[in-house]
Amino acid sequence: MDLTSYTSNLYGRAVNTRSDAYGFPVDEEEMQRLQSQHYMFILLTGGKYPPEIKKVLESSTHGEKRVLDIGCGNGDGCRIRDVARDFPLTECVAMDLIPLINTPGQPLNVTSEVHDANLGLQHYYGRFDVVHCRLISSGVKDYRYLFEEIGRALRPGGLVEFAEVDWYTYDRHFRRIDVSLDGAISPPYWARFFAHVRSAIKHSGGDSDAATYLWQWVSRHPAFERINSRDVWLPAIPGDDQQYSAAAYELMKKDVQAFLRSGEPMLRGGGMSEEDFENIRENTLRELHESTEPQYTRLHCVWALKRADYVTPTQEIN
Ligand SMILES: C[S@@+](CC[C@H](N)C(=O)[O-])C[C@H]1O[C@@H](n2cnc3c(N)ncnc32)[C@H](O)[C@@H]1O
């Protein structure tokens, strides 16, 4: 499929034309990065799914159970394709700002929907048993609103899963590294790069704080029970961190290298000069290979079940 009608070119990368909030590329290079990042998450978290998913998707009837992945990405290794393969009787909907490209061997129980989640999920109320969102906060203008919409799209007994980064960087003691973006370009460079990305996301209208509030929203909402949360500390600059396998660090390094390029349209489009961008990028690459001081990104994961007896108040439906 040709994606040109869904994208425009910015600093050599294809970015989506549907939503002005989401500024990362949506091209082949980015899809390769997301695919490899998907495998990395499986290694870092030790599995593909929350344990509850099996029971929620248990069925012997084709199409009885339905799964929605909001902002699914496009690579062959994207999460909704895993669900479709592992639960072949489910009907899977892959929602994104660009269509899912068919690949050889793609499971047939996946359909693609081009939709901006910022417009709401009214057409999906009460239709899904699992709703999954991972790393979409930069393209979501009001995540709290989307969270409420997901609550309505879920069927009673359904499972919701979120995984978002908070766009801060943390040191070896998991203390936040605060970086001033005024003044000279100085280390730590990954933290600096990430702080620029955070600022660009805010500037374009994305909800960079969603990860900070997700647990609170879910745990205070009367519709949800059996709420779980987990922080996964991603060793963006591995330093002397040794908690994961060598394969996981290799994938992490590959991801950071590619992500430095993914940030270019947002940062340079937001006014950063090429010289400053390359300065930060090259110094981050040096840190990646030479620094002994780890820098972490926090991936906050929250999952919960919708109460089987929850009745959505009528004034919320109307
Ligand atoms: C960083 S990628 C993550 C992809 C996938 N969820 C994963 O974890 O590999 C973010 C994806 O969300 C999509 N996205 C961002 N904002 C969106 C929105 N408002 N509505 C629908 N999709 C969106 C982007 O097009 C992109 O494919």
Side-chain angles (χ1 to χ4, degrees), residues 45 47-72 78-96 107-113 115-137 140 142-164 207 210-211 213-230 300-318:
T45 59
K48 287 193 227 171
Y49 310 113
E52 294 83 353
I53 200 169
K54 261 191 167 168
K55 188 154 184 359
V56 171
L57 292 182
E58 206 168 58
S59 170
S60 51
T61 309
H62 226 285
E64 185 197 4
K65 300 289 181 161
R66 304 186 78 235
V67 180
L68 174 65
D69 188 343
I70 301 179
C72 57
C78 74
R79 166 64 187 267
I80 194 73
R81 285 178 164 140
D82 277 358
V83 177
R85 286 190 192 100
D86 294 341
F87 301 92
L89 295 184
T90 56
E91 199 179 300
C92 298
V93 177
M95 179 198 291
D96 207 293
L108 298 175
N109 51 335
V110 183
T111 51
S112 166
E113 191 205 3
H115 180 67
D116 180 353
N118 293 311
L119 303 176
L121 303 175
Q122 291 82 354
H123 55 310
Y124 280 150
Y125 285 178
R127 295 193 59 197
F128 289 96
D129 301 284
V130 174
V131 179
H132 167 83
C133 300
R134 186 173 70 190
L135 298 177
I136 63 166
S137 65
V140 175
D142 182 346
Y143 211 112
R144 173 85 198 252
Y145 165 73
L146 179 61
F147 162 68
E148 294 286 345
E149 288 289 275
I150 290 170
R152 295 181 187 120
L154 264 185
R155 290 172 174 157
L159 169 70
V160 66
E161 303 176 69
F162 299 100
E164 297 291 350
D207 199 340
Y213 295 107
L214 269 174
W215 189 83
Q216 195 175 306
W217 294 335
V218 180
S219 58
R220 289 186 183 170
H221 198 291
F224 294 103
E225 62 180 356
R226 293 175 58 191
I227 301 156
N228 290 278
S229 73
R230 172 184 185 188
H300 189 54
C301 308
V302 180
W303 66 100
L305 294 176
K306 184 170 175 178
R307 291 177 197 279
D309 58 357
Y310 183 74
V311 180
T312 307
T314 30
Q315 72 272 21
E316 286 188 29
I317 299 171
N318 298 326

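Remember, it's a predicted structure, so these values are computed and weren't measured experimentally.
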Should [X] and [Y] count as side-chain neighbours, where that means a heavy-atom distance under 4.5 Å?
X	Y	value
Leu214	Tyr143	yes
Trp303	Val130	no
Phe162	Phe147	yes
Phe128	Ile150	no
Ile70	Val140	no
Val83	Asp69	no

Looking at [X] and [Y], what are the two nearest heavy atoms and their distance?
X	Y	result
Ile227	Ser219	CD1-CA, 3.5 Å
Tyr310	Ala223	CD1-CA, 3.4 Å
Leu305	Gly157	CD2-O, 4.0 Å

Kindly check if the number of other-residue, nucleotide or ligand heavy atoms within 6.0 Å of CH2 (Trp215) is above 12?
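It does not: Trp215 CH2 has 12 such atoms or fewer within range.
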Quick one: list whatever passes ring pair (Phe, Tyr, Trp, His ring centres under 6.0 Å) with Tyr49, sequence neighbours left out.
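Applying ring pair (Phe, Tyr, Trp, His ring centres under 6.0 Å) to Tyr49 gives Phe87.
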Using the test side chain to side chain donor-acceptor pair (under 3.5 Å), find all partners of [X] that sit at least two apart in sequence or belong to another chain.
X	answer
Arg127	none
Ser137	Glu164, Trp167
Arg85	Asp76
Arg79	His132, Glu161

Applying side-chain contact (heavy atoms from CB on, under 4.5 Å), can you list everything that pairs with [X], at least two apart in sequence or on another chain?
X	answer
Asp96	Cys72, Ile98
Thr61	Ser59, Glu64
Glu149	Leu121, Gln122, Tyr125, Tyr145, Arg152
Glu113	Val93, Met95, His115, His123, Tyr124

Could you go through Lys306 and Phe224, starting from their C-alpha distance and side-chain angles, then the distance that decides it, and tell me whether this counts as side chain to side chain contact (heavy atoms under 4.5 Å, CB included)?
CA-CA 5 Å; Lys306 184 170 175 178; Phe224 294 103; 4.2 Å; yes
Excluding sequence neighbours, so at least two apart, what forms salt bridge (charged side-chain N to carboxylate O under 4.0 Å, His left out) with Asp86?
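Only Lys48 meet the salt bridge (charged side-chain N to carboxylate O under 4.0 Å, His left out) criterion with Asp86.
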Excluding sequence neighbours, so at least two apart, what forms salt bridge (charged side-chain N to carboxylate O under 4.0 Å, His left out) with Arg144?
Glu148
Look at the side chain of [X] and the backbone N and O of [Y], then say whether any donor-acceptor pair between them is shorter than 3.5 Å.
X	Y	result
Arg66	Asp129	no
Asn109	Glu91	no
Lys65	Val56	yes

CZ on Arg81 to SG on Cys92, rounded to 0.5 Å
11.5 Å
Enumerate the salt bridge (Lys or Arg N to Asp or Glu O under 4.0 Å) contacts for residues 51-60, please, sequence neighbours excluded, ordered by first and then second residue.
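The answer is none; no pair qualifies.
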